[in-house]
Amino acid sequence: MTGAKALWATLAAHGISTVFGYPGGAIMPVYDALTYYPEVRHVLARHEQGAIHAAEGWAKATGEIGVCIATSGPGATNLVTGLADAMMDNVPLLAITGNVARHLMGTDAFQEADITGITLPITKHNYVVTDPNELPAIVAEAIRIARSGRPGPVLVDIPKDVQLAAFTGKLVKPQAAPEAISPRPEAIHAACELLKTAKKPVLMVGGGSQGASKEITEFARAWQIPTITTLMGLGAFPASDPLWLGMPGMHGSVAANHAISQADVLIGFGLRFDDRVTGRVKDFAPNAQIIHIDLDAAEIGKIVRAHLPVKSDAKQAAVALTQGAVPFEVPEWQAQLDEWKTRGEHPTTWGAAQAVRQVVARLRPDDILTTDVGQHQMLAAQLARFEKPRRWLTSGGLGTMGFGFPAALGAAMAEPGVQSIVIAGDGGFQMTAQELATLTKYDIRNCKICIINNSYLGMVRQWQELFHEKRYSEVYLGDSNPDFLKLADAYNIKGWRADNSADLETAIDAWLSHDGSGLLEVVVPNEHGVFPMVPAGAALYEMIENEPVKVPDLGDKMNVMASAPDTEISTEASQ
Amino acid sequence: MTSPFQPVSDHLVSALVRDEPRVLTRITSLFGRRGYNIKSLSVGATEMPGVSRMTFVVSGDRGVVEQAMKQLDKLHDVVKIIDHSLEKYVDRELVLVKVRVENTERRIEIRQMAEDFRARIVDAGHHALTFEVTGDEGKITAFIEQMRTFGILETMRTGRIALTRGSNADIPSHIYHDGETETLQPVLQSAPREGKAREVNNMF
């Protein structure tokens with residue numbers, strides 16, 4: 001047996017059924033050994049970035065580890081964006097890279113890159129395997145690290161001669177995951193006591209709660225606490241529940257942002273108070289006692305001070321807190337929340353928002369929705385209604401354009417019985433459009449692509465409109481975008497196009513009922529923005545609720561934003 | 001919200017780490033990326049095979065230091081973090097100081113001063129004396145200040161090292177039997193990792 005075979009044997013023993021990758025010189029022995037392991041399916045992407053985002057999509061949809069493989073040097077460095085993305089969004093991921101032979105390492109050999117050095121800050125841990133006999137133990141440990149605690153990416157770099165070397169060591173069994181961290185009883189008691197004093201309680205549910213959705217939903221309902229799900233937490237609490245207030249932050253709902261600003265007790269599960277969520281930190285939840293529950297101690301108190309820090313697994317904490325439940329009855333607070341819920345709705349005129357609304361309206365509870373990054377992403381987050389966890393896959397922390405399509409592809413392969421829909425922009429789609437080939441190669445029939453084409457890098461354009469006096473510097477794509485339907489056709493994928501509401505409805509019918517994957521291009525007007533919006537540096541309560549009729553005169557732009565008065569900017573802007 | 005944090009000061013922190021490639025890079029890059037300022041860093045082997053010990057002096061307010069320690073604690077290579085502010089400790093630093101000697105009169109004067117600090121002469125040249133001084137940071141700083149009046153040619157400080165006072169070891173050596181690396185593995189995976197959260201996590 002060679003080191004390369006030991007690798008596959010270890011992966012197979014860990015139940016890894018599918019890996020995404022791209023071969024090259026320094027990983028060839030691994031690809032050669034693959035032919036002896038038919039139980040593992042290898043998916044050939046068209047770019048390593050496509051492979052790793054597909055592995056992320058697989059992992060985000062299933063909660064299981066995603067695996068990707070690349071060769072050394074340029075192959076390995078093409079994984080960097082995906083690794084950083086997985087690190088930010090806590091995606092359990094194993095990246096295996098080839099490297100030049102041990103005696104060549106450090107000599108600037110052909111296709112050599114110090115990938116462990118490069119990925120040091122964007123992996124949970126990484127390894128160079130220098131002894132073939134240690135390979136199974138290292139891979140097993142890498143998988144355990146990637147999955148355990150706060151999940152994340154782990155990279156294992158294997159020199160070519162280690163792959164080829166005779167393996168005389170022992171294969172290893174999967175390592176047991178460490179036990180989940182339970183909350184201390186006194187912490188739960190203190191949290192219950194604090195919650196009982198609340199007159200305006202709010203529950204915030206983050207991406208770390210995707211695995212604890214059932215327990216957190218029970219907790220919220222038992223206490224009757226109004227609930228906000230962050231961008232990463234969407235789906236962890238059912239949107240149909242009357243307690244749901246939407247998403248907080250820069251493009252959050254009016255109800256969520258005002259609820260945070262006025263809450264007296266805010267309890268957060270598995271979230272890290274990202275700056276896109278908090279707005280101006282010193283004015284985040286200014287009146288609230290904050291209970292922060294997270295299993296990563298380093299997240300508690302990192303951005304926002306926690307009055308009651310609870311180091312715990314979200315599931316265990318939710319179960320414990322449910323037992324102490326005393327349902328809230330605060331009619332004034334509920335009435336206020338209900339009033340806010342009616343505000344900040346998008347207009348129903350034709351535009352990106354309307355297009356996204358019509359597409360997401362067709363989502364069924366089991367369908368997976370992925371997005372790229374930009375206006376369509378925020379619109380989808382605002383407008384889609386998720387009833388289940390792990391149905392919403394988006395690049396939250398890193399904001400990676402090019403993520404959506406390969407992630408949808410990976411998710412579609414992970415769950416062949418489920419429809420996987422990607423909403424992308426015309427900009428982001430072109431960053432990984434070559435994966436259309438992967439779709440065709442594996443005849444993936446349940447991946448549906450929707451491109452919202454506004455001919456611009458829409459979110460950048462929106463900021464230029466608001467903060468740079470409409471100087472649209474280098475954001476126009478319309479003069480050079482491809483004919484997306486022809487592009488799809490070139491890969492043997494069927495396409496539809498619509499540029500108005502009625503045609504879109506017809507096109508959606510055809511697109512979704514088509515037996516096979518398909519691409520739907522929706523052409524929308526150029527200059528639409530995403531609102532509500534909290535300008536960068538502003539407090540959540542300073543949000544612009546609706547799209548301004550004209551470009552707001554914001555004086556000294558960002559500086560004014562940063563020190564905006566208590567009044568809402570929308571009021572000033574419309575005067 | 002007012003800052004709950006104490007004013008900026010120096011904090012002495014030790015970390016027991018796996019003796020594996022890139023550990024130092026991993027740790028210093030974490031400090032660099034997050035903007036924590038390391039004032040001194042000393043690294044050396046311990047009595048346990050496979051385990052090295054690092055002592056940092058980190059400057060910042062209490063919140064910064066706590067965050068730095070929590071981030072360190074997450075690294076797979078870090079077995080245990082010891083915040084020396086929580087218990088009594090003994091710390092030492094070693095410095096080599098090369099002092100200019102202009103004439104015999106000065107030589108006597110310098111040697112007298114060095115004796116007061118229990119500094120040892122480790123090299124003597126025609127126009128210079130090199131001293132070795134160990135002690136806590138204050139003593140070393142005071143010695144350097146005294147020598148400055150004669151003219152320091154160069155100095156090299158090791159940075160501080162520290163051990164908790166008393167007979168409790170941060171990781172009791174007897175657990176390890178000073179044995180082979182294999183016998184170390186289960187201990188590294190169980191006992192120390194359980195113990196380390198205690199110092200770092202003074203939270204619920």
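Just the heavy atoms: all of them, side chains too, but no hydrogens, waters or symmetry mates, feed the values below.
The 12-atom threshold is exceeded at NZ of K196(A), counting heavy atoms of other residues, nucleotides or ligands nearer than 6.0 Å.
Heavy atoms closer than 4.5 Å to chain A are found in the side chain of S29(B), but not in its backbone. Proximity to chain A is limited to the side chain of R33(B), based on heavy atoms less than 4.5 angstrom apart. When heavy atoms are compared at a cutoff of 4.5 Å, Q71(B) approaches chain A by way of both its backbone and its side chain. Of the two parts of T130(A), neither the backbone nor the side chain holds a non-hydrogen atom closer than 4.5 Å to a non-hydrogen atom of chain B. Contact annotation for D283(A): neither backbone nor side-chain heavy atoms come within less than 4.5 Å of a heavy atom of chain B.
Tested against I267(A) for a side chain to side chain contact (heavy atoms under 4.5 Å, CB included), the candidates V202(A), V310(A), L194(A), L321(A) yield a single pass: L321(A).
Of the possible donor and acceptor atoms, none in the side chain of S52(B) sits under 3.5 Å from a partner among the backbone N and O of V17(B).
Within the 4.5 Å cutoff, the side chain of H14(A) has no heavy atoms near those of the L94(A) side chain.
For K302(A) and D294(A), the salt-bridge test fails: no basic side-chain N is under 4.0 Å from an acidic carboxylate O.
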